[in-house]
Structures are given as C-alpha cells and as structure tokens.
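Since the structure comes first, as structure tokens, the remarks are kept for the end.
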Amino acid sequence: MKSGLFRSSAYAVLLLVVAACDSGGSGTSADTTPGFTAAADALAAKLKSGAPAASDPAVKAFETESGKALQTLGTPALPLRGFESYDDLCGKTAAIVGAYVNLELDQARGASKAEIMTRNATQYLDQMFTPLLFLAHCSAAHMPFLEKTAGDDVASQASLKSVRIGTWGQVDGLLQMAGDPSLGQERRRRIVDLVAADAANFAIILSPGQRRDLAGTVDAVRATLPESDKAQADKIKANLAGARCGPLCKM
C-alpha cells in the first residue's frame with residue numbers, strides 16, 4: 001500500500017492547495033493568531049530556498065504552533081474568522097505542505113512530477129505530519145461556514161467544486177496513510193482519531209457518492225488497524241453516512 005499511499009497523499013495536498021487558493025477569501029490576518037502566522041511565514045520563507053533541516057528552529061516552531069492549533073482552533077485562542085482564518089490558517093499551512101511536496105519539481109531530470117512529489121512526501125513526512133493533520137482539521141472546521149455563505153453564482157459554484165475535490169482527496173489521502181503500518185501505531189491512531197472527530201464536517205461538502213467511496217476506503221483501512229482502533233474507523237463511517245446532506249452535498 002505504501003507507494004499508493006504517498007502518491008495519493010501528494011496529490012491530496014496539491015488539491016487542497018487549489019481549494020484553499022480558490023476559496024474566494026481575501027484580506028490579511030487580524031492580530032489574533034500572531035504566533036501561528038509568524039511561525040508559518042518564517043518557515044515558508046525558508047522553503048523558498050530549499051528544505052530546511054528537521055532541526056531548523058523554523059521547522060520546530062511551526063511544528064509546535066501546528067500542534068497547539070490542533071487543540072485550540074475554534075476557541076478564543078485561535079478563533080474561526082470566516083474567510084480570513086480560512087486563508088490565514090488553512091491557506092498558510094497548505095502553502096507550506098505544498099512547498100515541501102513541490103521541492104525541486106522544476107529540476108526534474110528523467111523523473112515525472114508525480115515521482116518527485118512522491119519522493120518528497122516520503123522524505124519530508126516527519127516535518128509535514130503535524131501540519132498536515134492541522135491542515136485537515138482546519139479545513140473541516142471551516143466547512144459549516146462555507147455552507148452558510150455559499151453563493152449560487154457560477155464563480156461560487158466553480159470554487160466550491162474545487163473545494164469539494166480537495167476535501168475528498170485530503171480525507172482519502174489521510175485514510176490511506178492510516179492504513180500504512182510503516183507509519184507506526186501512534187501516528188496512525190492520530191490520523192484515525194482526527195478523521196473520526198471531523199468526518200461530519202468534512203461530509204458537509206461531499207456528495208453521497210464521495211461519501212460512499214470514502215466509506216469503502218475506511219473498510220480497507222479498518223482491516224489493517226489494531227482492535228483498539230477499529231471502533232474509530234466505524235465512527236468515521238457512521239459520521240460520513242449520518243451527516244446531513246445540505247446544499248453543498250447536493251451541489
């Protein structure tokens with residue numbers, strides 16, 4: 001499953017970058033999340049000249065901020081602010097993860113872009129892992145807002161369809177990661193726990209067919225999980241199936 005895992009994860013990241021950029025948001029961050037945004041900007045600047053070492057202070061700082069953000073998103077410490085927080089929190093993280101995946105993409109010599117992205121996703125997974133989890137959580141947390149503000153004009157529909165593709169790819173990539181024993185039980189459990197908690201929010205924008213497709217992935221992953229984690233896989237399926245199907249789901 002491993003080669004498929006990282007290939008899927010790389011594409012899921014890129015799709016989410018598109019979704020974040022096409023969200024229709026604008027503006028810059030209010031001064032409510034200075035630690036997170038400063039750490040994100042510092043790491044993004046480093047990545048412009050190549051991959052920093054795992055020990056680099058910028059890498060460690062963003063790892064720390066991403067870990068805290070997983071716990072505090074949606075609280076007064078890291079409030080949801082509609083398109084502003086979608087751009088500033090999800091968008092900045094998507095840009096960082098995308099930068100890792102795209103490293104040296106313009107220097108391909110005999111290797112396809114997919115091969116390079118797969119290699120990068122494998123090589124830099126340690127540096128990307130917590131930001132990748134936060135990126136998924138951030139995306140899910142904003143889905144109720146997107147549903148409330150979604151327009152029915154052509155431009156809005158096109159943007160939301162991009163978000164839908166990105167969301168499906170993101171959840172599918174995370175589930176495939178959870179099915180890879182080489183990641184270790186702790187990382188796999190963190191993924192399954194996060195998707196279980198956020199599945200109902202993810203499902204807001206997913207069509208019935210996409211939900212069924214993800215349920216099939218959950219079944220395949222469940223077979224690889226230790227008994228202690230199988231209940232969480234069942235919760236993912238239940239939350240995907242049981243989430244209401246509003247305007248975005250029916251789009």
Are any side-chain N or O atoms of [X] and backbone N or O atoms of [Y], one a donor and one an acceptor, separated by less than 3.5 Å?
X: K237; Y: A215; value: no
X: K113; Y: L105; value: no
X: S139; Y: A136; value: no
X: D229; Y: R189; value: no
X: N239; Y: A196; value: yes
X: Q127; Y: Y124; value: no

Assess whether a salt bridge exists between E65 and K92, defined as any Lys/Arg side-chain N lying under 4.0 Å from an Asp/Glu carboxylate O.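 Looking at E65 and K92, the cut-off is not met.
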Is a salt bridge present between D126 and R187, judged by a nitrogen-to-oxygen distance below 4.0 Å?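 Looking at R187 together with D126, the answer is yes, because their closest N to O distance falls below 4.0 Å.
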Side-chain donor-acceptor contacts of residues 52-60 below 3.5 Å, not counting sequence neighbours, with atom names and distances?
residue, atom, partner, partner atom, Å
D56, OD1, K46, NZ, 2.9
D56, OD1, A58, N, 2.8
D56, OD2, K46, NZ, 2.8

Within this structure, what is the [atom1]-[atom2] distance for the pair [X] and [Y], rounded to the nearest 0.5 Å?
X: L240; Y: F202; atom1: CG; atom2: CZ; result: 9.5 Å
X: L183; Y: R190; atom1: CG; atom2: CZ; result: 11.5 Å
X: C249; Y: L206; atom1: SG; atom2: CG; result: 8.0 Å
X: L89; Y: S66; atom1: CG; atom2: OG; result: 10.0 Å
X: M251; Y: R164; atom1: CE; atom2: CZ; result: 4.0 Å
X: L80; Y: C138; atom1: CG; atom2: SG; result: 7.5 Å

Assess whether side-chain contact (heavy atoms from CB on, under 4.5 Å) is satisfied between L132 and M177, documenting all intermediate values. CA-CA 11 Å; L132 194 60; M177 290 176 73; 3.8 Å; yes
Could you point out which residue of E147, K161, M143 forms a side chain to side chain contact (heavy atoms under 4.5 Å, CB included) with L248?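 The option that passes is E147.
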Go through the side-chain N and O atoms of Q176 and D172 and say whether any donor and acceptor fall under 3.5 Å apart.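 Looking only at side-chain atoms, D172 and Q176 do form a donor-acceptor pair, the distance falling under 3.5 Å.
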[Y] and [X], any side-chain heavy atoms less than 4.5 Å apart:
X: V171; Y: Q210; result: no
X: V192; Y: I236; result: yes
X: Q123; Y: L103; result: no
X: Q170; Y: L135; result: yes

Who are the salt bridge (Lys or Arg N to Asp or Glu O under 4.0 Å) partners of D213, not counting sequence neighbours?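 Listed in chain order: nothing, the list is empty.
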Restricting to non-hydrogen atoms, name the atom on A141 and the atom on L73 that form the minimum distance, rounded to 0.1 Å.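 So the minimum-distance heavy-atom pair works out to CB-CD2, 3.8 Å.
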Going by the angle between their ring planes, with limits at 30° and 60°, are H142 and Y86 parallel, tilted or perpendicular?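 Taking Y86 first and then H142, their aromatic rings sit tilted (interplane angle of 30° to 60°).
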Residues V218, V195; criterion side-chain contact (heavy atoms from CB on, under 4.5 Å); working and verdict: CA-CA 10 Å; V218 174; V195 177; over 6 Å; no
Hey, which of F129, Y100, F36, F134 is the one that makes ring pair (Phe, Tyr, Trp, His ring centres under 6.0 Å) with F62?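 Considering F129, Y100, F36, F134, a ring pair (Phe, Tyr, Trp, His ring centres under 6.0 Å) with F62 is found only for F36.
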